[in-house]
Amino acid sequence: MSEIIEIPYISGDGAGEDIWNASRESLEEALIKGSEGEKRIQWVPLLAGLKALDKEGVLLSEATIETIKKHGVALKGPLTTPVGGGFRSVNVYLRQIFDLYTCIRPVRYFKGLPSPLKKPEMVNFLIFRENTEDIYRGIEWKEGTHEARVFLSFLKETMNVSLPEDTGVGVKPISRGATRRFVKWTIDYAIKNNRRSITVVHKGNIMKFTEGAFREWAYEMAGEYTPPVTFDGQNGTLLFNDRIADNMFMQVILRPEDYDILLCPNLNGDYLSDACAALIGGLGVAPGANIGDHTAIFEPTHGSAPKYTGKDMINPASFLLSGAMMFKHMGFDRASDLLERAIEETIRDGIVTYDLARQMVGVDPVKCSVFGAEVARRIGRKY
Ligand code: NAD
């Protein structure tokens, strides 16, 4: 009898359903094969996003929250944030309620992926994005509202700062406590996983007391470690340095081999993940993890791509790779490796969906479901 491993999942909105249908078998096969038949997945389906709004009248129900809390882990497809109507992003909300303060987005080149770079094989970064602060706290007021006027008059009367009356305002909070715990998590991860370097990516030259402070607190935290964390990287130690964000965007294109872990405040991490994904084929191969002290949610970087809903076209690789990250987090390393290698082999064999095929010469795209089936077949072949 194999052990049943319950894993909650949210299939997601838009093209999320296609991705889920294409991925399920590979995930199940990977755990069975990776545990030599000793473990198998029992999926726990959860509603969130548009489907939950339709069935339960809310984007995120208490039942969904409670189930994720109980299991401490979930695999999540993309969720649509309805435009207007005051809806907040369920994706951002989930990160906040579970305090998933570390977001990890690996950007790794696989042979066969299209890339605008001359030496794409040099691309192997981990983007670490602080997940709870910065402008993502959503503290902002629309131009002309009572709140915006109150804020503007506070600035004028108390701080002697005058802004035009038709100004919309937002607040960018970055705190020492949240920065330090995130940096500590990242350094501990880097040491445990034998990474080479950590580069803080900030715009501290302009935003001195938010991004500048983020840089300062990051160095402060790093300074509390003894080697292997050093500021010169001598003798194979873990190098801790920093780059100004605009320069970093240039560096990842011109000198990708010089970078390893990129440690970012929330907004920089968001921008940089999509830009780096473009170096290795795009959002179709960009997985992600959101991790807190008690819960972790694994999800692709991309959104619900609504225009591809039900077309069986979208690339399931980012969702599958997010599943591989989830397996690793759960201690199922072999299942994680099997899944990742099968995805790599499928791409190397020239079996790719439209998003990659259109960047390649003479390659016909396969459907989302076909890509998923090919990955599952390659996992099966290992035995
Ligand atoms: P998106 O990532 O959904 O899609 C942008 C474009 O990228 C698509 O039109 C498609 O061309 C391409 N793309 C994305 N994923 C792909 C894949 N797997 N394979 C191939 N091509 C892919 O971004 P958007 O259109 O800005 O957002 C759509 C909805 O998704 C919005 O409601 C947004 O709020 C939401 N969203 C959700 C998440 C999340 O669930 N974490 C993240 C971003 C956006």
Side-chain angles (χ1 to χ4, degrees), residues 9-23 46-53 59-60 64 68 74-98 100 103-105 113-114 127 129 131 136 138 266-267 269-278 280-291 296-323 325-326 343 346-347 351-360 363 365-372 375:
Y9 78 97
I10 297 168
S11 60
D13 295 323
E17 198 63 42
D18 282 347
I19 290 174
W20 165 249
N21 289 329
S23 304
L46 298 178
L47 278 183
L50 294 184
K51 285 180 196 145
L53 190 63
L59 286 168
L60 186 65
T64 293
I68 297 176
L75 183 60
K76 173 188 161 298
L79 297 175
T80 300
T81 304
V83 177
F87 291 108
R88 54 197 300 200
S89 161
V90 178
N91 307 303
V92 174
Y93 187 50
L94 276 169
R95 293 168 202 159
Q96 285 171 355
I97 49 177
F98 289 112
L100 307 177
C103 172
I104 308 178
R105 291 181 166 172
L113 283 171
I127 297 176
R129 168 184 173 193
N131 232 0
Y136 287 76
N266 210 338
L267 182 63
D270 196 8
Y271 289 153
L272 206 52
S273 337
D274 279 29
C276 289
I280 52 152
L283 285 175
V285 284
N290 301 293
I291 302 178
I297 299 181
F298 297 81
E299 60 174 344
T301 298
H302 63 75
S304 56
K307 72 179 176 191
Y308 293 101
T309 304
K311 293 193 174 156
D312 195 15
M313 278 177 74
I314 205 93
N315 191 346
S318 0
F319 185 75
L320 284 165
L321 289 166
S322 306
M325 292 178 81
M326 177 187 72
I343 296 164
T346 308
I347 293 171
I351 298 166
V352 294
T353 45
Y354 84 94
D355 53 313
L356 301 178
R358 70 181 171 189
Q359 301 176 60
M360 298 155 94
V363 175
V366 299
K367 287 181 178 300
C368 173
S369 53
V370 172
F371 184 87
V375 173

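When a ligand or atom number is given, it counts from 1 through the structure's own listing order.
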Exercise for the section: Would you confirm whether the ring centroid of Y308 sits within less than 6.0 angstrom of the ring centroid of Y354? Expected result: yes
Completion exercise
Applying side chain to side chain contact (heavy atoms under 4.5 Å, CB included) to K367 and not counting sequence neighbours gives D312, S369, V370
Completion exercise
salt bridge (Lys or Arg N to Asp or Glu O under 4.0 Å) filter on D355, not counting sequence neighbours, yields none
Considering only distance and modelled atom types, tabulate donor-acceptor pairs under 3.5 Å from the side chains of residues 281-290, sequence neighbours left out.
residue	atom	partner	partner atom	Å
N290	OD1	N131	ND2	2.8
N290	ND2	I297	O	3.4
N290	ND2	E299	OE2	2.8

Handout entry: Residues in contact with ligand 1, criterion: heavy atom under 4.0 Å
Key = K76, P78, L79, T80, T81, N91, R95, L283, G284, E299, T301, H302, G303, S304, A305, P306, K307, Y308, I314, N315, Y354, D355
Problem - Under-4.0 Å salt bridge between D13 and K51 - result: no
Practice task
Answer yes or no: is there a donor N or O on one side and an acceptor on the other, between the side chain of K76 and the main chain of Y9, under 3.5 Å?
Solution key: no
